[in-house]
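Right, one structure below, let's go through it.
Chain naming here is simple, since letters A, B, ... match the order of the sequence lines and numbering starts at 1 in each.
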Amino acid sequence: MKFSFKDEQLLFAEATREMLRKDCSPEAINEFVESDSAAMPELWNSFASMGVLGITASETLGGLEMLDQDFVLIMEELGRAACPEPVMEHAVLSIPLLEECNNKSKYTSILKSAINGEHRLSVALESQYVVGADSADYLLLFRDSLLHLVAKESIVLQRQASVDSSRRLFSVKWDTNSGTVIEGDSDKVRSLIEITKLRAEVSTAAQCIGVAQQLLDMTVQYVQERKQFGKPVGVNQAIKHHLADTGKAIEFARPMVYRAAWSLNKGDTEAELAAHMAKLLASKAVDLACKTSLQCHGAIAYTLEYDLQIWLKRGLTLSSSWGDIYRQREKIADCLGL
Amino acid sequence: MKFSFKDEQLLFAEATREMLRKDCSPEAINEFVESDSAAMPELWNSFASMGVLGITASETLGGLEMLDQDFVLIMEELGRAACPEPVMEHAVLSIPLLEECNNKSKYTSILKSAINGEHRLSVALESQYVVGADSADYLLLFRDSLLHLVAKESIVLQRQASVDSSRRLFSVKWDTNSGTVIEGDSDKVRSLIEITKLRAEVSTAAQCIGVAQQLLDMTVQYVQERKQFGKPVGVNQAIKHHLADTGKAIEFARPMVYRAAWSLNKGDTEAELAAHMAKLLASKAVDLACKTSLQCHGAIAYTLEYDLQIWLKRGLTLSSSWGDIYRQREKIADCLGL
Amino acid sequence: MDLFFDANQTAFRDEIRHWINENKPNDRWAPMDTQLGFEQHRTWERTLFEAGWSVPNWPKKYGGRDCSLIEWLLYEEEYYLSGAPGRVNTNGISLLGPTLFSWGTEEQKDRFLPKMANGDEIWAQGWSEPDSGSDLASLKTVAVRDGDHYVINGQKTWCSRGAWADWIFCIVRTDPTSERHAGLSYLLVPGNSPGLIRRPVSRLDGEPAFAEIFFDDCRVHVENLLGDEGAGWSVAMATASSERGLNLRAPGRFLAAANRLVQLYMKAIERNPLLPSAIRDQVVDAYVNAQAYRYQVFQKATMLMEGGTLGAEASYMKLFWSELDIEIHASALRMLSEQGELVEGAPDAEDSGNWMSGYLFALAGPIYAGTNEIQRNIVAERVLGLPRK
Amino acid sequence: MDLFFDANQTAFRDEIRHWINENKPNDRWAPMDTQLGFEQHRTWERTLFEAGWSVPNWPKKYGGRDCSLIEWLLYEEEYYLSGAPGRVNTNGISLLGPTLFSWGTEEQKDRFLPKMANGDEIWAQGWSEPDSGSDLASLKTVAVRDGDHYVINGQKTWCSRGAWADWIFCIVRTDPTSERHAGLSYLLVPGNSPGLIRRPVSRLDGEPAFAEIFFDDCRVHVENLLGDEGAGWSVAMATASSERGLNLRAPGRFLAAANRLVQLYMKAIERNPLLPSAIRDQVVDAYVNAQAYRYQVFQKATMLMEGGTLGAEASYMKLFWSELDIEIHASALRMLSEQGELVEGAPDAEDSGNWMSGYLFALAGPIYAGTNEIQRNIVAERVLGLPRK
């Protein structure tokens, strides 16, 4: 039992954080939202050149072949930066699905171009909506027990405006007779989809933690600077206790997320339970962080001009994504036989 | 629409409070608990001479013929004094049940002696346990759709020690063939039992409010007096906010209890819903009051020597009695068709 | 105690119910904080006024119908149940209006109230400043007397409805040497005054619901002073107690929302019988709390009609409704699950995304009209009697 | 990262599991805070000691087996899962013990640790005074040096296990002219010292778990001073960090309770399939939080074993376990419904009333070892960096 990260894992996360600080600043995010463009090409290229787009892909294809416990810290950084690009959908969900397919060799060129960033992938398994579908070249879609790979030319998109306008959601339609099925109904596809969902829960949980931590950090800084009644508002016990509770929620969710990431690859018999628990606690933490950070800021955080709103909205949507607290509790109860 | 009490209602409650302050002091309660006796005869006599034991009984029998909205304030006072005597069970539940029976005239003498305090009644409808059964001369017991009146001689009692040692709970057994049935299975008995249960919910809710208010008042006083770090502990925002939330919970539960009491007699179509809501909110209020009053006191409240414990334990048991918050939510959902 | 409504009250309720269902607009208007929506909502103020339903609790001479407090509460219930458009002049009618009744001269009442009631003059609130939020008494905007005018210099921020309002009610420092609560005055400022510059500021939902207001030698006639010079804090407290008490948030608003929540649940459970059961409990709690607010207010209304006054315990009300509003909308979003995040314009958005926009609006509740932390302090110190220091 | 236990750890766990299930007493003893129960539990301390299982994480020379922190956590898990009796000497082993390791002289360690480990000397904590609870630094009990002795006068209160303990560790003021944190010293006081008077005080559950201790010219030899004279506050902080961090409340305690809660739910839902569904959610949350505490502690243990130190963030731990303990027991009481209020001796009491007694015990958690309000202040100021004033 050794519950700590290796230096190279920490260094890669740190490098990702640095890159995001530069290429995914609040200004860049706001510009992206206002331009209503489908992607942030510079940011995407930075991900590609760092190897982030191929974190899960096999080395033979040019990927980094990382396991979940290797890249969970990267997911946390995505949340911390409120990164609008669907990196998880592309790198953590779609690429492994494609690599695990029976006819994997047919998709080698797609995989290679996905890893180097030329092509973009996204995915929908249980959701009706696809994140970043308008920038994707291929979508992986699971419907009626079949896994489809659909090229953008064959898809009709309908934008579903989200409260988080940096999150581009779409309904998708395509002609299901057009030979898009890449895996038929089988035990294999079911288990593939199951593991991918768990991976999505854990990676989304890590993003929630990153969002929550950023909300907390920004709020701590603000309440140190903002003065009312001649003192920083942070001297008030009510503020202190709101933020202490938020810190606690993050502090106790985080190891559960790391543990779930580890469990996914290690044949831990509790991997499924661990993933559900991680997302439950991470959703709770980010819910609380949204609530307390807005409240401790007051009116200023209630405007589009102040950057906190970026994380508030991301927290709001990620908290529900891949299982909100109610759905997670149901899943956990099932695992425990309750 | 006029949502206020009449002067005579307020005066009667005030008189009851005065009497309880004298005859049901914390010292008297502690003495009663330590002596392990079945009743507090002096207190009981005071109730009798004030007419409280006959609040619901018809005037022809010597009762005060009050409606629920008349005596709801008395119930609140019972809670405020943490009165150990089962006045609700006797006066509010048992007497009306007996008066509504088909053969009411057969029970005239029991009723009269119940009203003047010579005989004591208690009751169990859905609970397995009877409060104050060891001091009761007669028990009203509803079992297998039949309502029984059982004299103490025919009952075998088994004490069920409660965390609140001033609350004397018993399992009861009796020979159900011994001609104790006073109402057979009928629509009438079902509706009688239903209304009695609602009345119990509302009267217990009122007691919860009284307990919660007393806990709050004692705590407010304590945090004004107790000094730490050179100041009263009540200057701390954490203490202020705990108690403000407690005050709010009481403040918003109380009118719902009064409204439910009024609804019970007025043919209000929402009487049932109102009773369930009243108990839900009152249970929440007293739960919060228990939590915050203990916490704001600190260690001193955690001992038997300090009187707060009397109300802490009463709050704990009354919160669950006749429907805890979970059961009340279920009942309300049923009423709303959810 | 009699909780039945009497014949007059019932008739009154039936009248507004009938009128509003006959007269409410059928089309969905632009949000009131857009320029288009602002003017659309102004026409609705006129329609209400002409039928006598803009300010029914005001005296007849100002456009009301002198209804009782209980009747007004029924009016609000029917209004919100009907789903009629929001009131664009709430800042005027619910906040400044009651303050004018208490502090205005006869001339001021005649001048301002009718145009407030008919929508000719829509009001914004100009209180907060960049460095003065919770600590309002630290405000720095000054108004120096110059003959018959005050000359205002300074900056106000988070002025709700400030982008297009016709008038703004402000608190300013008329004695530049004063500190804290002394030396403040309450001024009514025309929105088109020279030297008044507005910069619209977008709220979380993207609508320019706020404005920053800059005063650069802005001249306002002394007849627009409400209350005495230097008495601004006392006048402001009248407005603040309206913000916390009954005027701003009558129960009707939350009762209607709770009813819609119950309906939404019925639909959701039909679509998905496996909806997590905890959601039902949340719906129950939200419904019960809306009822609790209703009866609390009926009890307070009775007390007021019997000659009582509402003091610091108004802060309990503000705490309660602001939390209730969030509870109702948060429950709906949980229920909608992945549809919850969709907003107006999304084809799949339930109820045109109103649950999310209502949620975003509700999130401001614990902040505006005095943060809930401040309200808890007030309750603890002034209702319960805990020591200030 | 490797969350599997290695072969040594697994073997260690199997060994304690096997031993404890073979050796734990079968009869139900009196509560440890009764005189009878106190002595019964003392015999269990001896049994544990003789098998080397009293203080496995201590060095062998003091009766331990030098096990690693991870192994100790596994030991605690197995211990609590087994349902073996509570440890009557927790104040000694978990609080004073680590303080002795940091601050004691070799002679003191040799003198006190073995008898602490074998149950010969059971310890009480004498810190709080009637006027000094959260504000411990205001304490007034004085100990004046007189030759080789200190002469103690004053009063301590809420001394856990104070009624029958053999020894008491106290903080006293050795410099009567000092104020606050200066001039305090840490004294180890024999319970049978002349001039030491105890008055047992009953806890909420009726057991005399506390005592008031009066010192009336009570003489204690200077060899019983722990750390330097005047350094008492620093020594006390070592004890306090044990109270907040891993020593006092290892996850095993809560994991076992959460497991029992899950079992109770299985039984309850079988008896009553209509159990309100919200109760299941509470069980889920309690279970998940117990797991969260477990992994938090494994992470912290790794950090410590890699040479790190645990600072103010220990207060997060104390907040978490104290709330978790209440959550677990409150869920059980909800589940038991009207049986929940029954206590030991009631024929119908589930699990001999342990859920209620556990609940009452848990209620003290947010109060002792520094109230949770104090812990939140510590976290906010020392972990997050918010300003003190």
Out of A:Ile325, A:Ile300, A:Asn236, A:Leu312, return the one with the most heavy atom pairs under 4.5 angstrom to chain C.
A:Ile300

Could you tell me which portion of C:Tyr359 (side chain, backbone, both or neither) has an atom closer than 4.5 angstrom to a non-hydrogen atom of chain A?
side chain

So, the part of C:Arg376 with a heavy atom under 4.5 Å from chain A: the answer is neither

Rounded distance (nearest 0.5 Å) linking atom CD of A:Gln328 with atom CH2 of A:Trp322:
11.5 Å

Who wins among A:Ala299, A:Ser319, A:Ser320, A:Gly323 for the most heavy-atom pairs under 4.5 Å with chain C?
A:Ala299

Look at the rings of C:Phe169 and C:Trp123 and say which category their plane angle falls in: under 30° parallel, 30 to 60° tilted, over 60° perpendicular.
tilted

May I ask you to check whether A:Ser162 and A:Asp164 show a side-chain donor-acceptor distance below 3.5 Å?
no

Please flag which part of A:Ser171 lies under 4.5 Å from any non-hydrogen atom of chain C: side chain, backbone, both or neither.
side chain

Taking every heavy-atom pair that is under 4.5 Å apart, which of A:Asp324, A:Leu304, A:Val233 has the most such pairs with chain C?
A:Leu304

Give, as side chain, backbone, both or neither, the part of A:Gln160 having an atom under 4.5 angstrom from any heavy atom of chain C.
both

Stacked cation flag A:Arg226 on A:Tyr222, 6.0 angstrom / 45 deg:
no

At what distance, to the nearest 0.5 angstrom, does CE of A:Met277 lie from CG of A:Leu273?
4.0 Å

Starting from the C-alpha separation in whole Å, work towards a yes-or-no answer on salt bridge (charged side-chain N to carboxylate O under 4.0 Å, His left out) for C:Glu341 and A:Lys313.
CA-CA 9 Å; C:Glu341 72 178 275; A:Lys313 291 174 177 172; over 6 Å; no

Shortest non-hydrogen contact from A:Cys296 to A:Ile239?
SG-CD1, 3.8 Å

Contact class of A:His297 relative to chain C, heavy atoms under 4.5 angstrom:
neither

Can you tell me which portion of A:Arg327 sits under 4.5 Å from chain C's heavy atoms? Options are side chain, backbone, both or neither.
both

Quick one: pull up OG in C:Ser128 and CG in C:Asp135 and give me the separation to the nearest 0.5 Å.
10.5 Å

Just give me the residue among A:Gly230, A:Cys290, A:Ser127 that pairs up with chain C most often, heavy atom to heavy atom, under 4.5 Å.
A:Ser127

Segment of A:Ala238 engaging chain C (4.5 angstrom heavy-atom cut-off):
side chain

Please determine, among C:Ile326, C:Ile279, C:Leu342, the option with the most heavy-atom pairs under 4.5 Å with chain A.
C:Leu342

Chain C interface, residue from A:Tyr326, A:Tyr302, A:Tyr306 that has the most non-hydrogen pairs under 4.5 Å:
A:Tyr302

Output for pair (A:Leu338 CG, A:Arg329 CZ), nearest 0.5 Å, gives 13.0 Å

Side chain, backbone, both or neither: which part of C:Ile374 has an atom under 4.5 Å from a heavy atom of chain A?
side chain

Heavy-atom contact with chain C under 4.5 Å, split by part of A:Leu169
side chain

Which bit of A:Ser321 comes within less than 4.5 Å of chain C, counting heavy atoms only: side chain, backbone, both or neither?
neither

Heavy-atom contact with chain C under 4.5 Å, split by part of A:Gln309
both

Is it the side chain or the backbone of A:Leu316 that comes within 4.5 Å of chain C heavy atoms, both, or neither?
side chain

Taking side chain as everything from C-beta outward and backbone as N, CA, C, O, which of these in A:Lys227 sits under 4.5 Å from a heavy atom of chain C? Side chain, backbone, both or neither.
backbone

For C:Glu243, which of C:Gln125, C:Lys318, C:Arg249 qualifies under side chain to side chain contact (heavy atoms under 4.5 Å, CB included)?
C:Gln125

Quick one: of C:Gly345, C:Ser134, C:Ser357, C:Ser138, who has the most non-hydrogen atom pairs under 4.5 Å with chain A?
C:Ser134

A:Asn30 side chain to A:Pro26 backbone, donor-acceptor under 3.5 Å
yes

Hey, which of C:Ala137, C:Gly340, C:Ala346, C:Ser132 has the most heavy atom pairs under 4.5 Å with chain A?
C:Ala346

Using the six-membered ring wherever Trp is involved, compare the ring planes of C:Trp233 and C:His181 and label them parallel, tilted or perpendicular (cut-offs 30° and 60°).
perpendicular

Most heavy-atom pairs under 4.5 angstrom with chain A, which of C:Leu333, C:Leu363, C:Asp348?
C:Asp348

C:Asp285 vs C:Arg280, salt bridge (charged side-chain N to carboxylate O under 4.0 Å, His left out): CA-CA, chis, key distance, verdict
CA-CA 9 Å; C:Asp285 277 1; C:Arg280 193 188 65 165; over 6 Å; no

Report the distance from atom CG of C:Asn372 to atom CG of C:Leu319, rounding to the nearest 0.5 Å.
4.5 Å

Highest number of heavy-atom pairs under 4.5 Å with chain A: which of C:Leu204, C:Asp205, C:Thr371?
C:Leu204

